[in-house]
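Right, one structure below, let's go through it.
Both ligands and their constituent atoms are indexed starting at 1 by order of listing.
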Amino acid sequence: MVAKKAKIVIVGAGIAGLTAAYRLYAISHDLFDLTVFEAGDRIGGRILTTVFSGDRIEMGATWIHGIGGSPVHAIATDQNLLEESSCNWERMDGFPSGPLTIAEGGFTVNQDHLARPISSLYRRLMDDARTGDAKSADGHPGVGAYLRQGLLQYQATRTASTNTGLEDDTWSLEALEESLFAMEECTERTCTSADDLSDLNLSAESEYREFPGDHITISKGYSRIIEHLTSALPPGTIHLGKKLCLIKWCSGDGASPERSPPVRLHFSDDSVVDADHVIVTVSLGVLKAGIMKEDGKGIKFDPALPDFKREAIGRLGFGVVDKLFMEMETESREAFPFMRLAFRQGLEENGSMRHASKIPWWIRKTESICPIYRESHVLLAWFAGKEAMHLESLDDEEIISGVHATLEGFLPSIKTGCRIASVKRSRWGTDPSFLGSYSYVSVASSIEDLDLMAEPLPRGKGLEVPRLQILFAGEATHRTHYSTTHGAYYSGIREADRLLRFYNVGN
Ligand SMILES: Cc1cc2nc3c(=O)[nH]c(=O)nc-3n(C[C@H](O)[C@H](O)[C@H](O)COP(=O)(O)OP(=O)(O)OC[C@H]3O[C@@H](n4cnc5c(N)ncnc54)[C@H](O)[C@@H]3O)c2cc1C
């Protein structure tokens with residue numbers, strides 16, 4: 001008699017789900033009945049490479065963050081994805097350097113005496129936070145208050161250089177330092193996805209790990225990592241357009257009937273699939289929607305998720321980060337600088353500007369506008385939080401006119417001719433398959449919540465072997481590499497290995 005294969009379902013065809021599938025299949029071959037269900041009409045999730053105005057761009061994951069030891073870098077190298085490509089690609093010349101820092105109104109900020117000292121101050125403060133040497137401000141647990149305290153201390157003790165190059169009399173030295181510091185904070189918002197840095201947990205910063213070495217982009221496109229993972233799976237493993245709505249499981253505490261197999265999955269097309277194990281890899285945003293809202297978004301659980309899981313999902317932060325690509329009009333295609341933007345910080349309580357400005361509010365927390373490589377006529381700006389959500393709601397014309405107002409507000413004396421012909425932006429915040437971009441540890445949560453995210457259900461009692469009905473993978477389940485592709489990758493390996501150990505397969 002042939003034993004029935006255990007049925008393993010993976011929900012989500014992002015890097016976590018596909019890594020789990022790849023690992024399970026590579027080690028067990030066809031020992032399991034393995035299926036991946038994906039709500040969208042494509043694989044890759046928050047990895048999405050496309051082409052805009054002839055250049056290869058990334059709508060989501062962009063960088064391999066440190067090449068020393070990164071599993072994503074290892075795949076990219078093995079698969080020759082880092083070799084020269086016939087198509088020009090985003091940041092093919094590495095991190096942009098030699099910024100031109102401009103203050104609102106069109107005044108070029110002196111790099112040596114103003115921009116660089118504030119950048120160095122900022123870096124030193126964040127380095128201290130990462131090494132655990134940071135002292136919170138008045139006991140406030142957030143990064144925001146700590147940074148502001150650092151700026152005030154700096155301003156109280158620095159001797160103002162006599163050579164600041166501050167020839168614009170509408171700016172005071174303090175106001176300019178404030179704007180330059182805010183510009184650095186805007187980068188932190190996009191790096192972490194925290195809309196408000198006072199919600200970013202200062203003590204958790206020291207637990208976050210980065211790989212050493214260069215940060216690079218993938219010449220053949222990030223999506224090729226995804227293609228590599230799927231190429232090894234048997235045809236028919238991945239099913240697109242299958243949105244999971246409800247997971248019924250057997251909690252073992254009398255709250256649900258026992259069933260065999262124990263997990264029942266209900267999809268939006270009314271189909272039902274039974275499984276022995278399900279690995280849920282959907283974003284933290286989708287999990288939050290499932291526990292918090294009754295609007296049909298997200299995934300429901302029956303019985304409901306236990307308190308420890310619901311609370312971790314609720315506490316952890318999950319913000320919105322979007323990218324806006326802008327194609328310059330043919331007539332205005334001169335080399336565009338890597339332009340860092342020091343906005344005036346004069347917003348009144350009600351949001352109106354103290355001074356007249358046509359620059360819309362949603363662009364005022366953008367750190368820079370930069371060509372995607374030195375000679376490109378495609379410019380890029382990053383958005384986070386409320387500004388990103390608003391950007392998602394605008395039509396292209398409104399975006400273009402806001403960008404023109406900004407360029408006019410910053411470059412009157414340097415470059416008046418740059419016009420934008422078309423734009424392309426991501427919409428991670430409103431896309432129901434993501435409902436945000438990546439996770440962060442908020443002040444309400446702690447690094448332990450990431451471990452709770454990773455715990456399978458039901459929890460084993462005493463010495464009982466956990467039954468592994470519902471397993472969780474995805475970037476928001478990795479304690480030290482959350483928010484990244486490699487964190488998601490590691491989580492897929494972790495959950496595949498958990499099942500392989502359960503069945504005593506492999507090493
Ligand atoms: C703008 C942006 C820039 C980024 N930059 C970087 C970077 O430079 N470097 C880096 O390392 N990381 C970066 N990231 C983060 C990185 O993209 C993610 O951490 C990683 O891709 C997450 O992978 P995942 O498999 O955990 O989740 P996902 O990619 O979200 O995969 C989950 C899958 O589940 C599917 N799904 C959702 N709901 C359902 C449902 N109900 N039923 C079935 N399927 C469902 C989704 O469609 C999705 O395909 C960036 C992300 C964004 C948005």
Side-chain angles (χ1 to χ4, degrees), residues 9-21 35-49 57-66 70-73 90-91 190-193 210-211 215-218 222-223 225-226 229 238-247 265-269 278-287 289-290 296-300 318-325 380 382-384 388 425-429 431-440 453 472-478 481-492 495:
V9 166
I10 296 173
V11 181
I15 189 167
L18 294 174
T19 301
T35 312
V36 180
F37 288 117
E38 163 59 48
D41 57 6
R42 62 170 182 87
I43 56 171
R46 283 169 270 172
I47 293 178
L48 174 58
T49 307
I57 59 166
E58 304 292 350
M59 301 306 288
T62 306
W63 297 93
I64 296 178
H65 285 303
S70 159
V72 177
H73 182 252
E90 191 177 341
R91 291 276 55 96
T190 50
C191 289
T192 59
S193 93
E210 278 196 337
F211 295 117
H215 294 222
I216 60 166
T217 54
I218 302 179
Y222 232 114
S223 291
I225 299 282
I226 294 296
L229 293 170
I238 303 172
H239 297 246
L240 298 177
K242 294 288 286 185
K243 182 177 186 294
L244 178 70
C245 299
L246 171 68
I247 300 182
L265 306 169
H266 292 255
F267 292 86
S268 61
D269 59 5
V278 56
I279 307 182
V280 176
T281 76
V282 301
S283 75
L284 179 57
V286 171
L287 289 173
K297 288 183 181 168
I299 295 170
K300 299 279 174 214
F318 192 69
V320 182
V321 174
D322 279 311
K323 296 174 79 174
L324 170 67
F325 295 92
L380 169 64
W382 291 76
F383 289 76
R425 82 322 266 272
S426 55
R427 285 194 173 95
W428 298 107
D431 187 327
S433 290
F434 305 96
L435 301 173
S437 298
Y438 32 91
S439 52
Y440 65 92
M453 290 296 297
F472 294 86
E475 55 87 10
T477 69
H478 198 280
H481 288 293
Y482 55 90
S483 81
T484 64
T485 53
H486 51 268
Y489 175 93
Y490 282 143
S491 74
E495 297 313 312

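Counted within 6.0 Å of CG on Asp269, heavy atoms from surrounding residues, nucleotides or ligands total more than 12; the atom is thus considered enclosed.
At least one N or O atom of Thr62, backbone or side chain, sits closer than 3.5 Å to an N or O atom of ligand 1. For a threshold of 3.5 Å applied to N or O pairs, the pair formed by Val282 and ligand 1 contains no separation below that value. Where the criterion is an N or O separation shorter than 3.5 Å, residue side chain and backbone included, Glu475 meets it with respect to ligand 1. For the pair Trp63 and ligand 1, the shortest N or O to N or O distance falls below 3.5 Å. Distances between N or O atoms of Trp428 and those of ligand 1 include no value under 3.5 Å. Any N or O atom pair closer than 3.5 Å counts here, and Thr485 shares at least one such pair with ligand 1. The N/O atoms of Lys243, backbone and side chain alike, include none that comes under 3.5 Å of an N/O atom in ligand 1.
Scanning the protein for heavy atoms near atom 30 (O) of ligand 1, the closest one is Arg46 NE, 2.7 Å. Counting only heavy atoms of the protein, atom 42 (N) of ligand 1 lies nearest to Leu244 N, 2.9 Å.
In Ile15, the parts holding a heavy atom less than 4.0 Å from any atom of ligand 1 are both the side chain and the backbone. Looking at His65 against ligand 1, only its side chain comes within 4.0 Å, counting heavy atoms. If you look at Ile43 next to ligand 1, there are no close heavy atoms at all, none under 4.0 Å. When non-hydrogen atoms are compared, ligand 1 lies under 4.0 Å from neither the backbone nor the side chain of Ala473.
For atom 43 (C) of ligand 1, the nearest non-hydrogen atom from the set Gly44, Gly14, Ala39 comes from Ala39.
Of all atoms in ligand 1, listed by their number and element, those nearer than 4.0 Å to a heavy atom of Gly474 are 26 (O).
Residue-ligand proximity: Arg42 is placed with every non-hydrogen atom at 4.0 Å or more from ligand 1.
In this structure, Phe211 has its ring center no closer than 6.0 Å to that of His73.
Side-chain contact check for Thr62 versus Arg91: every heavy-atom pair is 4.5 Å or farther apart.
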